[in-house]
Amino acid sequence: MPELPDVEIFRRYAEEHALNQEIKKVSIEDDKIAATSPQTISESLRDRQLKKAERIGKYLFLPTERQSVLVMHFGMTGWLEYQKHEKSQYTKASLNFSNGYHLCFVNPRKLGRLHITDNIQEFCRYMEIGPDALAIGEGDFIQKMKKKRGMLKSALMDQSFLSGLGNIYSDEILFQAGLHPKTRISRLNEAHIGHLFSRMKEVLSLAIEHRANPDNMPDHFIIPHRKEGSICPSCGGEVQKDKLSGRGYYFCPRCQAGEEE
DNA sequence: GTCTTTGTTGGCAC
DNA sequence: AGTGCCAACAAAGA
């Protein structure tokens, strides 16, 4: 679930519920998700407040009024829950506020991570997190693309190149742009890249407007049709499945013509 | 029991 | 150096 649009929804949720309240207790239920030691996480957050909720790519940053910033990454499956009593089954960490509510980091597959950093810029540099897909400007995007080689889908999903897109939304963007996922970037001209840029922005904005809910995406999206043999919402042809680096992806061979391999 | 899955990382090959 | 592929991590659902 958590690609850029999902994390943006989590960011807004945290902003709405979890700011400006004293954190009385920090529980780490499973040390596996603590990229920074559980003790450091607790000590950095106890008796502090979260002051902001920011997002870069798939990372959520929650700065306190001091130096410390709580960093969340959700992995393949995860979300936030703000609630008073019962914690859901897969809560791996929670912040207990003075009003009795908890902000729960729910992460069934334990592939998410919590970090503490004192500098977001440095954290991004160290973790090699590229420019955010929603924040990058067209000029930068075109410049970077011109220097990149290999296959288009791989580039869009390369977090050090551009951050925020995963398997699902890269499929959607390529479908909307009418480009085959295995298109060689070197075969694209500046007009192609500019068009890809606007489709990327459009897909991300629309996804966020629809609260990143996959069951509630626009009719012209391919996301609801990510099934083999499903019907392409644009041409009525058949959606196909293929693999790239061991990962399944979906596309419409008619709308996304281009070199195979 | 088998296969697949929305993410990341490290190792290997070219 | 940059790129591609695979396995591993973990757990759930088809």
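Chain letters run A, B, ... following the sequence lines, proteins first and then strands; every chain starts at 1. These values consider heavy atoms only, across backbone and side chains, with no hydrogens, waters or symmetry-generated copies.
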Does a side-chain N or O of A:Lys92 approach OP1 or OP2 of C:dA11 to a distance below 4.0 Å, or not?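 No, because none of the side-chain N or O atoms of A:Lys92 sits under 4.0 Å from OP1 or OP2 of C:dA11.
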
Would you kindly give the [atom1]-to-[atom2] distance between [X] and [N], to the nearest whole Å?
{"X": "A:Arg247", "N": "B:dC3", "atom1": "CZ", "atom2": "C1'", "result": "14 Å"}
{"X": "A:Met127", "N": "B:dT9", "atom1": "CE", "atom2": "C1'", "result": "10 Å"}
{"X": "A:Lys110", "N": "C:dA8", "atom1": "NZ", "atom2": "C1'", "result": "15 Å"}
{"X": "A:Asn167", "N": "B:dT4", "atom1": "CG", "atom2": "P", "result": "14 Å"}
{"X": "A:Lys32", "N": "C:dC9", "atom1": "NZ", "atom2": "P", "result": "8 Å"}
{"X": "A:Leu60", "N": "B:dG7", "atom1": "CG", "atom2": "C1'", "result": "16 Å"}
{"X": "A:Asp31", "N": "C:dA10", "atom1": "CG", "atom2": "C1'", "result": "16 Å"}
{"X": "A:Leu114", "N": "B:dT8", "atom1": "CG", "atom2": "P", "result": "15 Å"}

Give me, pair by pair, the N or O atoms of the protein and of nucleotides 12-14 of chain B that are less than 3.5 Å apart, along with how far apart they are.
none

In dot-bracket form, how is DNA chain B paired, counting a Watson-Crick or G-U wobble pair only if both its distances are under 3.5 Å and using | for bases paired to another strand? .||||.||||||||

Please measure how far the P atom in C:dC6 lies from the corresponding atom in B:dC3, and state the result in whole Å.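 One P to the other, the span is 16 Å.
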
Just checking, is any N or O donor in the side chain of [X] or [Y] under 3.5 Å from an acceptor N or O on the other one?
{"X": "A:Glu43", "Y": "A:Gln39", "answer": "no"}
{"X": "A:Ser94", "Y": "A:Thr91", "answer": "no"}
{"X": "A:His210", "Y": "A:Asn213", "answer": "no"}
{"X": "A:Tyr249", "Y": "A:Asp242", "answer": "yes"}
{"X": "A:Ser160", "Y": "A:Asp158", "answer": "yes"}

Considering only heavy atoms, which members of residues 133-163 of chain A lie under 4.0 Å from some atom of DNA chain C?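 Result for residues 133-163 of chain A: A:Lys148, A:Arg149, A:Gly150, A:Met151, A:Ser154, sorted by number.
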
Under 4.0 Å, heavy atom to any atom of DNA chain C: which of residues 194-205 of chain A qualify?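 Of all residues in residues 194-205 of chain A, none places a heavy atom under 4.0 Å from DNA chain C.
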
Expected rows: protein N/O vs nucleotides 12-14 of chain C N/O, under 3.5 Å:
unit_1 : atom_1 : unit_2  : atom_2 : d
C:dA12 : OP1    : A:Tyr90 : OH     : 2.5

Is the NZ or CZ atom of A:Lys148 positioned over A:Phe161's six-membered ring, under 6.0 angstrom from the centre and within 45° of the axis?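 Checked: cation-pi criterion met.
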
ILVMFWY cluster, A:Phe141 and A:Ile173 together (side-chain gap under 4.5 Å):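 Cluster IDs for A:Phe141 and A:Ile173 match.
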
Cluster check A:Ile9, A:Tyr13: I/L/V/M/F/W/Y, side chain < 4.5 angstrom: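 No, no single cluster joins them.
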
Atom NZ of residue position A:Lys144 - does it have more than 12 heavy atoms of other residues, nucleotides or ligands inside 6.0 Å?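 Above 12, so yes.
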
Over 12 non-hydrogen atoms of neighbours within 6.0 angstrom of CD in A:Glu54: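 Yes, because the 6.0 Å sphere around CD of A:Glu54 holds more than 12 heavy atoms from other groups.
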
Going through the checks in order, is the side-chain contact (heavy atoms from CB on, under 4.5 Å) test met by A:Arg187 and A:His192? CA-CA 9 Å; A:Arg187 304 274 302 267; A:His192 288 129; over 6 Å; no

Go through residues 71-83 of chain A and report each residue with a non-hydrogen atom lying under 4.0 Å from DNA chain B, sorted by number.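 Only A:His73, A:Gly75, A:Met76 qualify.
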
Check whether any side-chain heavy atom of [X] lies under 4.5 Å from a side-chain heavy atom of [Y], and answer yes or no.
{"X": "A:Phe61", "Y": "A:Ile56", "result": "yes"}
{"X": "A:Lys227", "Y": "A:Val239", "result": "no"}
{"X": "A:Leu196", "Y": "A:Met145", "result": "yes"}

Is the A:Phe175-A:Phe251 ring centre distance short of 6.0 angstrom?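 A:Phe175 vs A:Phe251: aromatic centres not under 6.0 Å.
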
For the aromatic rings, using the six-membered ring if either is Trp, is the centroid distance between A:His115 and A:Phe123 under 6.0 Å?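 For A:His115 and A:Phe123, the ring centres are under 6.0 Å apart.
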
Using 4.0 Å as the upper bound for N to carboxylate O, is an ion pair formed by A:Arg199 and A:Glu172?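 No, this pair does not count.
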
Salt-bridged, A:Arg55 to A:Glu8, with N to O below 4.0 Å?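 Looking at A:Glu8 together with A:Arg55, the answer is yes, because their closest N to O distance falls below 4.0 Å.
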
Which nucleotide wins on minimum distance to the side chain of A:Lys58, given the candidates C:dC5, C:dC9, B:dT8?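 In terms of side-chain proximity for A:Lys58, the closest of C:dC5, C:dC9, B:dT8 is B:dT8.
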
NA contact type, A:Lys241, heavy-atom cut-off 4.0 Å: base, sugar-phosphate, or nothing?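 A:Lys241: backbone/sugar contact only, no base atoms under 4.0 Å.
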
By the 4.0 Å heavy-atom rule, please label A:Leu111 as base, sugar-phosphate, or nothing.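 Result for A:Leu111 = base.
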
Residue pair A:Lys153, A:Asp171: steps toward the salt bridge (Lys or Arg N to Asp or Glu O under 4.0 Å) verdict: CA-CA 8 Å; A:Lys153 183 175 167 70; A:Asp171 275 5; 2.7 Å; yes

